[in-house]
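What follows is one structure encoded as structure tokens, with my remarks underneath.
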Amino acid sequence: MSTMNTGYPQQTVVVYTQSAWSRFWSWMGWLAFFIVTIIVIGQWVTLAEYFDTSEGIDEKYVQGSKTADDKVAIITISGVIIDGEGFVKNQIDKVKADKNVKAVVIRVDSPGGTVTGSDYIYHHLQQLRKEKSLPVVVSMGGMAASGGYYVSMAVGDKPDTIFAEPTCSTGSIGVMIPHYDISGLLARYDIEDDSIATHPRKLMLSMTREMKPEERELIQAHINDMFDRFKSVIKEGRPMFAADPTALDQLATGEVFTADQALKHKLIDKIGFIEEALDRALELASLDKEKTKIVKYKRPVTLLDNLGYAEARRHASPLGASHLDLATLLDFSAPRAWYLTTSLPALLSSRRAD
């Protein structure tokens, strides 16, 4: 046998074989690295969520310059207003944190809602306008009645700032506490309400007993106070009624007005679509339409939304996006005051705004 001489020096090849124990610790090291990375990312996300008062809502481009820094933001208020917290408040917080927003258009399409919820939204819209010195314009859609009209007063006393579409229904200035008397039905079937309370007046809004005249006077005084607040808010947003409160009293009957009637009675400033409201906001903020971005906000899309669960729930529930459970039923059955336009019980009136 002959050995071929290649002319190259011989090389020693060393093959290193990792022991099972070494491989185990190598895997453990990588596992620990991934776990720590996930924990750090989770902590960062948690911290970001902690300081994010907008609940992660997304900004969406509507029109105008896509590259502009200056913005006009559209805040949407639609459906029945319940407690004020939720999507509407998140939009307000989003605008408050954005230094590039120079004007706001409030898009209202709501029959109203609870007294407290409507007042809560009105308060925070007013606070936003005053703290950031932002011009605010209202665009009323199909309906801006009762609490929907109430929140529209956040524009302040600037002229030509409330626009309503030609087919809008607005007004319905008033307060109600729903009450149903089924005592006659119970008597027919020999059913007696044997509730125990600390005082008879604790039960004065119970539907199982007839309301006494003195109890009705107490409830009437209660909603009259809320009615006075409603009118005082209108006087702030419509100064002409502060100068002529009798004119407001004649309109504050709970009556719903068409856009033409509302314009005649000075409840609104102009009949026009959202485009006219946006043009007015640009004018008040001294912005160039070609150098301004118009944006609005939408709720973050969840996995359940992608699976179609949210849409199915909206069709299944008379409250729309709200979940029809015991807690919701109890919430709507509570004897609370409403700035609401409806011919049905509050529970079935419309989808909720937030």
Side-chain angles (χ1 to χ4, degrees), residues 77 79-85 108 110-126 143-154 169-183 195 197-238 241-242 245-257 262 265 267 328-350 352-354:
I77 303 173
V80 177
I81 301 166
I82 303 301
D83 58 7
E85 291 285 359
V108 182
S110 171
T114 65
V115 167
T116 300
S118 302
D119 190 61
Y120 184 88
I121 290 175
Y122 165 78
H123 164 73
H124 284 283
L125 286 171
Q126 246 203 347
M143 176 169 281
S146 207
Y149 188 74
Y150 189 104
V151 299
S152 300
M153 296 300 100
S169 297
T170 188
S172 187
I173 301 166
V175 192
M176 70 172 182
I177 295 180
H179 179 257
Y180 309 94
D181 182 1
I182 62 169
S183 58
S195 301
T198 53
H199 194 281
R201 288 179 182 172
K202 181 67 176 175
L203 299 171
M204 62 184 175
L205 280 172
S206 170
M207 66 173 62
T208 61
R209 54 195 295 275
E210 185 179 356
M211 188 182 296
K212 298 176 181 178
E214 60 270 23
E215 295 172 342
R216 186 172 295 276
E217 288 181 11
L218 289 171
I219 298 300
Q220 188 66 54
H222 180 71
I223 65 172
N224 284 348
D225 285 345
M226 296 178 178
F227 186 38
D228 288 341
R229 175 162 178 77
F230 198 159
K231 289 189 288 186
S232 69
V233 165
I234 292 174
K235 289 172 185 175
E236 289 185 26
R238 311 296 294 164
F241 292 125
T246 303
L248 178 58
D249 290 337
Q250 292 173 349
L251 298 172
T253 60
E255 180 182 351
V256 178
F257 301 102
H265 295 308
L267 291 171
T328 302
L329 290 171
L330 291 173
D331 183 49
F332 273 86
S333 64
R336 65 169 82 193
W338 295 81
Y339 294 144
L340 183 65
T341 299
T342 177
S343 60
L344 297 173
L347 176 63
L348 302 177
S349 59
S350 182
R352 65 185 292 174
D354 46 349

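Predicted model, so just to flag it, every value in this text is computed and none were measured. When reading the values below, keep in mind they use all heavy atoms of this one structure, side chains included, and skip hydrogens, waters and symmetry mates. The residues of the chain are indexed from 1 along the displayed sequence.
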**Prompt:** Quick one: ring-ring contact (aromatic ring centres under 6.0 Å, His included) partners of Phe227, sequence neighbours excluded?
**Reply:**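 Here no residue qualifies.
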**Request:** Go through the structure and list residues passing ring-ring contact (aromatic ring centres under 6.0 Å, His included) with Tyr122, not counting sequence neighbours.
**Result:**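 Partners of Tyr122 under the ring-ring contact (aromatic ring centres under 6.0 Å, His included) test: Tyr150.
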All side chain to side chain contact (heavy atoms under 4.5 Å, CB included) counterparts of [X], not counting sequence neighbours:
| X | result |
| --- | --- |
| Thr246 | Asp244, Gln250 |
| His123 | Gln127 |
| Thr114 | Arg336, Trp338 |
| Ile234 | Tyr149, Met153, Ile173, Phe230, Arg238, Phe241, Leu248 |

Which value, rounded to the nearest 0.5 Å, describes the distance between [X] atom [atom1] and [Y] atom [atom2]?
| X | Y | atom1 | atom2 | answer |
| --- | --- | --- | --- | --- |
| Ile177 | Met226 | CD1 | CE | 6.0 Å |
| Thr116 | Ile82 | OG1 | CD1 | 11.5 Å |
| Asp83 | Ile121 | CG | CD1 | 8.5 Å |

Which heavy-atom pair separates [X] from [Y] by the least distance, and what is that distance?
| X | Y | answer |
| --- | --- | --- |
| Val256 | Ser172 | CG2-CB, 3.9 Å |
| Ser146 | Pro111 | CB-O, 3.8 Å |
| Gly113 | Val80 | CA-CG1, 4.0 Å |
| Ser118 | Gly147 | OG-CA, 3.6 Å |

**Message:** Show every salt bridge (Lys or Arg N to Asp or Glu O under 4.0 Å) that has at least one partner inside residues 169-183, sequence neighbours left out.
**Reply:**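 Non-adjacent pairs meeting salt bridge (Lys or Arg N to Asp or Glu O under 4.0 Å): zero.
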**Item:** Pairs touching residues 216-236 that satisfy salt bridge (Lys or Arg N to Asp or Glu O under 4.0 Å), sequence neighbours left out
**Value:**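 Found Asp119-Arg229, Lys231-Asp249.
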**Asked** Got a sec, which pairs hit side-chain hydrogen bond (donor to acceptor under 3.5 Å, both in side chains) with one end in residues 201-214, sequence neighbours left out?
**Response**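 The answer is Asp193-Thr208, Ser206-Thr208.
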**Message:** Checking Thr170 now: which residues fulfil side-chain hydrogen bond (donor to acceptor under 3.5 Å, both in side chains) with it, not counting sequence neighbours?
**Reply:**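 In terms of side-chain hydrogen bond (donor to acceptor under 3.5 Å, both in side chains), with neighbours along the sequence ignored, Thr170 is linked to no residue.
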**Message:** Quick one, His179 and Ile219 - any side-chain contact, counting heavy atoms below 4.5 Å?
**Reply:**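 No. Closest side-chain heavy atoms not under 4.5 Å.
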